[in-house]
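Scroll down for the structure; my scribbles are underneath it.
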Amino acid sequence: MGTRRDLGYGERVIRPARRIENVRYAIRNVVAEARRLEGLGKEITYCNIGDPLKFDFRTPPHLVEAVSRAMRDGDNGYAPSAGTVEARRAIASDEQRRGLLSVTPEDVVVTAGASEAIELVLTALLEPGESVLLPAPGYPLYNAVAAKLGVEVETYYPDELQGWSVDPEEIASRITPKTRAIVLCNPNNPTGAVYPKEALEGVLEAARRHNLLVLSDEIYARLTFDQPHLATASLAKDVAIITFGGLSKTYLACGWRVGWMSFANSHLMPELKAAVLKLCDARLSSPGPAQAAIAPALEGNQDHLPEMMTRLRARREVLTTRVRGIPGLSLVSPGAAFYAMARVTHPEVSNDEQFVLELLRETGVLFVHGSGFGQRPGTHHFRVVFLPPAEVLERAFDKVEGFMRSRYPVR
C-alpha cells in the first residue's frame, strides 16, 4: 500500500505501491543511456525496438484511407467496448481461414493493441497466489503485467540448440498446482522462432491433462521466412485457447494500437470470456476510427507483404552472416518476424547488460540485453532488431566486429 514519506519542513510525498518495483521493461530501459550519448553528439544506430515505421516501411495506403474516411464520416465517438460488428466479423473470418474453426464474431474482442488484450486476459484469469507459465526468452510485457497484478510467474526455456523450439516435456515439468495458463509466443519475440506442429501438440496435451488455458501470441504469424505458421488453436477442439493478434506489425500500423483476442473453443471458458467483456465495458471503448482498417487489412490488398518479406529476408541474411563471422558470438537464424537472439560465447563476458552498455558507449550501436527477456541461467545474449536497411546493418556489424576483436579477442 502506498504511503507518505516526510521530507522535513512539513512536506510529504505520495509513494507508489511497492509492487511497481518489480515492473521492468528492458526494451526501453537501455534507451536512456543511448539518449544521453546522443545528446553528447554520439551517433546512435538503433537496433533495439521493433517498430518498422522507424525505418523504410510504410502503412499500406488503403488502410490509411479507411481510417481517414471513418474520421471524415464522423466515426469519432466511443466504439462498442468489444469492437465494431464489422471488425469482429472480419477477424473471425480470418481466424477461420487460419484453422480456428470454432471462432465466431462473438468470440472476438478488439483492444488497444495486443498488449491490452494480454493485460485484460491475465487480469480476468489470475487470483493472487496463482501463476502463469512464461517462456524465457520471451516478451517482457507478460512479466510486467504479472508484477503489476501481484501474481507469480513460472518459467520454461525454449531450446537454443533446437532452433529455440519449445520442449513440451519441460513445460509439463514446470506446471504446479498454482499454474493457470501456458503462454506461447509463436512466432517468438525475441528469438524469431517458429514452433513445429509436434511441439505445439505436445504443449496442448500438457494443457489438456492439467486443464490449463493456452495463450497463443501470434502477432507475427504472417511474417515467416521458411515455413508457414500453424495457428495453435487449429490443433485442438478440447483445449481453451486465446489467440492474440493485431495490425501493428504485419500491417505496419504500430501507433494505431489496434489489436485483438479470439476465444477458441469458448464453450470451455464462458465465465472467463464474460469476465474479459466486463473489463472491456469498464474501460468504456475499443479503439475508435483506427479499427475501421481491420476489415480492409484482413480482406483487402496484401501487396505490401511480399515486398516487406523480401527486404526482411535480405536483412536477415546480413545479420546471420555477420554475427556468425564474429569470434565470440553465435546465432540461430530466425524463422520469422524481425528479431534474433545473438549469443555471447566469449568466456570473459559474464553480464550481458554490461556488455550491451559497453558496446553502446564505444560504438553507438544499441541492442537490448538478453537478460531483459529472460534466458537460460549461465547464458548471455542480446536481441537484434534487423529492421534497419542492409547497408545500415553492415556498418553496425563492422563496429560490433571491431569492438569484439579489440575488447574480447579470441585467443
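Reckoned from all heavy atoms, side chains included, excluding hydrogens, waters and symmetry mates. Starting from 1, each residue takes its place in the sequence as its number.
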Short side-chain to backbone donor-acceptor contact, Asn265 and Ala236, under 3.5 Å: yes
Closest heavy-atom pair and its distance - Cys47, Pro388: SG-CG, 4.1 Å
Flag, side chain of Arg343 to backbone of Thr379, donor-acceptor distance under 3.5 Å: no
For Leu100 against Thr243, the heavy-atom pair lying closest together: CD2-OG1, 3.8 Å
Under 3.5 Å: donor-acceptor pair, side chain of Asn301, backbone of Asp303: yes
Interatomic spacing from CG in Asn351 to OG in Ser371 - rounded to 0.5 Å: 6.5 Å
Sub-4.5 Å side-chain heavy-atom contact between Leu223 and His229: no
Exercise: identify the closest heavy-atom pair between Gln291 and Ser286: NE2-OG, 2.8 Å
Any donor-acceptor N/O pair, Arg315 side chain to Leu387 backbone, under 3.5 Å: yes
Side chain proximity check, Thr232 to Leu204, heavy atoms < 4.5 angstrom: yes
Whether over 12 other heavy atoms sit under 6.0 Å from Lys399 NZ: yes
Minimum side-chain heavy-atom gap Val103-Phe263 below 4.5 Å: no
Donor + acceptor pair across side chains of Glu95, Ser262 (<3.5 Å): yes
Ring-face cation contact, Phe373 with Arg383, 6.0 Å cut, 45° max: no
From CG (Leu366) to OG1 (Thr45), nearest 0.5 Å: 9.0 Å
Glu119 side-chain N/O to Val145 backbone N/O, donor-acceptor pair under 3.5 Å: no
Option among Lys273, Arg89, Arg88 that satisfies the salt bridge (charged side-chain N to carboxylate O under 4.0 Å, His left out) test with Asp107: Lys273
Under-4.0 Å salt bridge between Arg313 and Asp226: no
Met269 CE to Leu125 CG distance, which is reported to the nearest 0.5 Å: 10.5 Å
Worked verdict on Thr84 versus Val110 for side-chain contact (heavy atoms from CB on, under 4.5 Å): CA-CA 8 Å; Thr84 65; Val110 180; over 6 Å; no
Salt bridge (charged side-chain N to carboxylate O under 4.0 Å, His left out) evaluation trace for Glu394 with Arg322: CA-CA 8 Å; Glu394 290 280 13; Arg322 293 305 305 270; 2.7 Å; yes
Lys/Arg N to Asp/Glu carboxylate O, Asp56 vs Arg311, below 4.0 Å: yes
Ring center gap for Tyr339 and Phe386 short of 6.0 angstrom: no
Test of ring centre spacing under 6.0 Å for Phe355 and Phe403: yes
Check: Glu170 main-chain N/O paired with Ser173 side-chain donor or acceptor under 3.5 Å: yes
Any Leu359 side-chain heavy atom under 4.5 Å of Val400 side chain: yes
Closest non-hydrogen atom pair between Ile219 and Gly246, with its separation: CD1-N, 3.2 Å
Under 3.5 Å donor-acceptor, Arg19 side chain and Gly150 backbone: no
Nearest atoms (heavy-atom pairs only) where Val323 meets Ser330: CG1-O, 3.8 Å
Nearest-0.5 Å distance, CG of residue Leu319 to CG of residue Leu312: 11.5 Å
Heavy-atom check, side chain of Pro327 versus side chain of Tyr408, under 4.5 Å: no
Donor + acceptor pair across side chains of Ser165, Asp159 (<3.5 Å): no
Polar side chain donor-acceptor pair, Glu317 to Thr321, under 3.5 angstrom: yes
Backbone N/O of Gly328 and side chain of Thr345: donor-acceptor pair under 3.5 Å: yes
Cation-aromatic face contact Arg316/Phe225, 6.0 Å, 45 degrees: yes
Any donor-acceptor N/O pair, Asn186 side chain to Tyr195 backbone, under 3.5 Å: yes
Trace of the side-chain contact (heavy atoms from CB on, under 4.5 Å) decision for Ile182 with His210: CA-CA 11 Å; Ile182 302 170; His210 294 275; over 6 Å; no
Carboxylate-amine/guanidinium contact Lys178 Glu127, below 4.0 Å: no
Worked check of ring-ring contact (aromatic ring centres under 6.0 Å, His included) between His369 and Phe382: CA-CA 4 Å; His369 46 289; Phe382 58 90; over 10 Å; no
Minimal non-hydrogen separation, Ala79 against Ser285, with atom names: N-OG, 3.0 Å
Short side-chain donor-acceptor distance under 3.5 Å, Asp352 and Gln375: yes
Salt bridge (charged side-chain N to carboxylate O under 4.0 Å, His left out) assessment of Arg180 paired with Glu130: CA-CA 7 Å; Arg180 295 292 311 283; Glu130 295 180 334; 3.0 Å; yes
Asp94 and Arg97 ion-paired at < 4.0 Å: yes
Between CD on residue Glu218 and SG on residue Cys185, distance to nearest 0.5 Å: 10.0 Å
Gln227 atom CD, neighbour heavy-atom count above 12 within 6.0 Å: yes
Pairing residues for Leu37 by the side chain to side chain contact (heavy atoms under 4.5 Å, CB included) criterion, not counting sequence neighbours: Glu33, Lys42, Ile44, Leu360, Arg361
Side chain Asn76, main chain Met71, donor-acceptor under 3.5 Å: yes
Close side-chain approach of Asp217 and Leu184, heavy atoms under 4.5 Å: no
Atom pair NE2 (His304) and NE2 (His62), whose distance is rounded to the nearest 0.5 Å: 7.5 Å
Min side-chain heavy-atom separation Val384-Leu331 under 4.5 Å: no
From Leu235, Leu268, Val214, residue fulfilling side-chain contact (heavy atoms from CB on, under 4.5 Å) relative to Ile241: Val214
Donor-acceptor pair between Asn188 and Tyr220 side chains, under 3.5 angstrom: no
Exceeds 12 heavy-atom contacts within 6.0 angstrom, atom CD of Glu43: no
Val153 and Ser131, any side-chain heavy atoms less than 4.5 Å apart: no
Asp238: side chain to side chain donor-acceptor pair (under 3.5 Å) partners, not counting sequence neighbours: Arg208
Donor-acceptor pair between Gln302 and Tyr251 side chains, under 3.5 angstrom: yes
